[in-house]
Amino acid sequence: MRLLILGTGGMARHHAEHFAAIPSVSLVAGVDTNAENLAKFCQDHKIEHQFTSLQAALDWDQFDAVTNVTPDKVHYATTMACIAVGKHVMCEKPLATNFAHANEMADAAEAAGLVNMVNLTYRNVSALQKAREMVQAGAIGAVKHVEASYLQSWLTQPAWGDWKTESQWLWRLSSAHGSLGVLGDVGIHILDFASFAAGSDVCDIFCRLKTFHKAPGDKIGEYVLDANDSFAASIALDGGAVGVVHASRFASGHMNELRLRLYGDKGGIEVTNIGDLGTLRASLGDDMLTATWQDIELSPVEMNYDKFVKAVADGTQAEPNFRRAANLQKVLDQAVVSDAQHQDLPTGTGPTD
Ligand SMILES: NC(=O)c1ccc[n+]([C@@H]2O[C@H](COP(=O)([O-])OP(=O)(O)OC[C@H]3O[C@@H](n4cnc5c(N)ncnc54)[C@H](O)[C@@H]3O)[C@@H](O)[C@H]2O)c1
């Protein structure tokens, strides 16, 4: 598979490393509007062809598939252009900046019969896949209660860089630059994590969003710092459970931590992304009498990158796909409206995986 990498910033490095490790993949070209980023990236990853516009790469046409690692607001137009000329696409999350665009992308990819995946990376966490398997096998019975969080702290410490000066952080703080704040950036991950493990979609949400004061005039250069930094939501799942989901970039002491607890009438499980495989523990059967928790053994699972390459080679489809991402985007959109109206809202999504 001849792969084009579209967007050559921070996350693209992970894509390049993972795809390059798959023997049937050739990284044939990179595209970035920032020529400096592009040149360094292509040199580091030994990529022969460089383009400073997607159109130039589409005119060249010597590739089969695209991995889209541009900022959120760029996903829609660029992915639609790739689909229009018959390229398979893996796109970063969130798929778009609103449901209408995400839905259009899913419709277009499905109509064209192209492989379409969204890179919900925590699907690669073994603990999550095992948790879903256990829930589906009835290990905890009917799921009644959900508690999920995604905690980051890049606004309170500089381990990942300086958010006050680096564009890769500043665009995430600005709605004019296409960011839906922490809700769009990592809320989509934790909503997927929780609903995928529970095997049940979010059908109702009541969300509170908060943008904290961070700079004089709430502005740094061209970036107006108006995108939300924390959210807290009460949710209902279509399987009947209720629960809470929250995320923050102000979670001092946590670098990048997802934690999910699912409680059913036959037991409870707790999943995290900590370590190579994540962690999974459960309190089941007689252990419930003493509130004892046992660690569950885990083994590696196939990553999104491998699934994408396999689907293109086999002419099949793989998950998580654009339809899943569009349905999650609907939950995000409703979360925003819910915050503005101080109201509990249905998401109107049907069951998907
Ligand atoms: N799945 C994950 O866990 C995960 C982790 C980090 C980032 N991401 C996602 O990856 C995407 C990129 O994030 P990042 O941290 O790499 O951002 P970044 O700012 O570091 O990199 C984005 C790159 O895209 C380039 N770009 C901007 N507009 C372009 C265009 N029209 N055409 C081509 N290139 C363009 C920029 O010049 C930059 O080099 C975002 O959607 C983000 O949400 C996902």
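Atoms within a ligand are numbered from 1 in the order they appear, just like the ligands themselves. The model shown is predicted, which means the values in this text are computed figures rather than measured ones. Sequential numbering from 1 along the given sequence is applied to the chain's residues.
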Exercise. In chain order, what residues pass the ring-ring contact (aromatic ring centres under 6.0 Å, His included) check against Tyr263, with sequence neighbours excluded?
Worked result: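 ring-ring contact (aromatic ring centres under 6.0 Å, His included) check on Tyr263 returns nothing, list empty.
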Exercise. If you draw the axis of the six-membered ring of Phe63, does the NZ or CZ of Arg2 fall within 45° of it and under 6.0 Å from the ring centre?
Worked result: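 Relative to the ring axis of Phe63, which defines the angle, Arg2 lies outside at least one limit.
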Exercise. Within 45° of the axis and under 6.0 Å from the centre of the six-membered ring of Phe231, does NZ or CZ of Arg208 qualify?
Worked result: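 Output no; distance or angle outside limits.
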For this session: Consider only side-chain N and O atoms of His14 and Glu17, and report whether a donor and an acceptor are under 3.5 Å apart.
Result: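 No, because no side-chain N or O of His14 sits under 3.5 Å from a partner of the opposite role on Glu17.
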For this session: Tell me, please, which residues at least two apart from Ser126 pass side-chain contact (heavy atoms from CB on, under 4.5 Å).
Result: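 Checked Ser126 against side-chain contact (heavy atoms from CB on, under 4.5 Å); matches are Leu277, Leu298, Val301.
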Exercise. Arg172: what forms a side-chain hydrogen bond (donor to acceptor under 3.5 Å, both in side chains) with it, not counting sequence neighbours?
Worked result: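 With sequence neighbours excluded, Arg172 shows a side-chain hydrogen bond (donor to acceptor under 3.5 Å, both in side chains) to Asp185, given in chain and number order.
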Pairs of nitrogen or oxygen atoms, one from ligand 1 and one from the protein, closer than 3.5 Å: please tabulate them with distances.
| unit_1 | atom_1 | unit_2 | atom_2 | d |
| --- | --- | --- | --- | --- |
| ligand 1 | 1 (N) | Glu92 | OE1 | 3.0 |
| ligand 1 | 1 (N) | Asn119 | O | 3.2 |
| ligand 1 | 1 (N) | Thr121 | OG1 | 3.0 |
| ligand 1 | 3 (O) | Thr121 | OG1 | 2.6 |
| ligand 1 | 3 (O) | His189 | NE2 | 3.4 |
| ligand 1 | 15 (O) | Arg172 | NH1 | 3.2 |
| ligand 1 | 15 (O) | Arg172 | NH2 | 3.0 |
| ligand 1 | 16 (O) | Gly10 | N | 3.3 |
| ligand 1 | 16 (O) | Met11 | N | 2.8 |
| ligand 1 | 19 (O) | Trp171 | NE1 | 2.9 |
| ligand 1 | 20 (O) | Gly10 | N | 2.9 |
| ligand 1 | 37 (O) | Asp32 | OD1 | 2.6 |
| ligand 1 | 39 (O) | Asp32 | OD1 | 3.4 |
| ligand 1 | 39 (O) | Asp32 | OD2 | 2.7 |
| ligand 1 | 39 (O) | Asn37 | ND2 | 2.7 |
| ligand 1 | 41 (O) | Thr70 | O | 3.1 |
| ligand 1 | 41 (O) | Asp72 | OD1 | 2.6 |
| ligand 1 | 41 (O) | His75 | NE2 | 2.9 |
| ligand 1 | 41 (O) | Lys93 | O | 3.3 |
| ligand 1 | 43 (O) | Asp72 | OD1 | 3.1 |
| ligand 1 | 43 (O) | Lys93 | O | 2.9 |
| ligand 1 | 43 (O) | Lys93 | NZ | 3.0 |

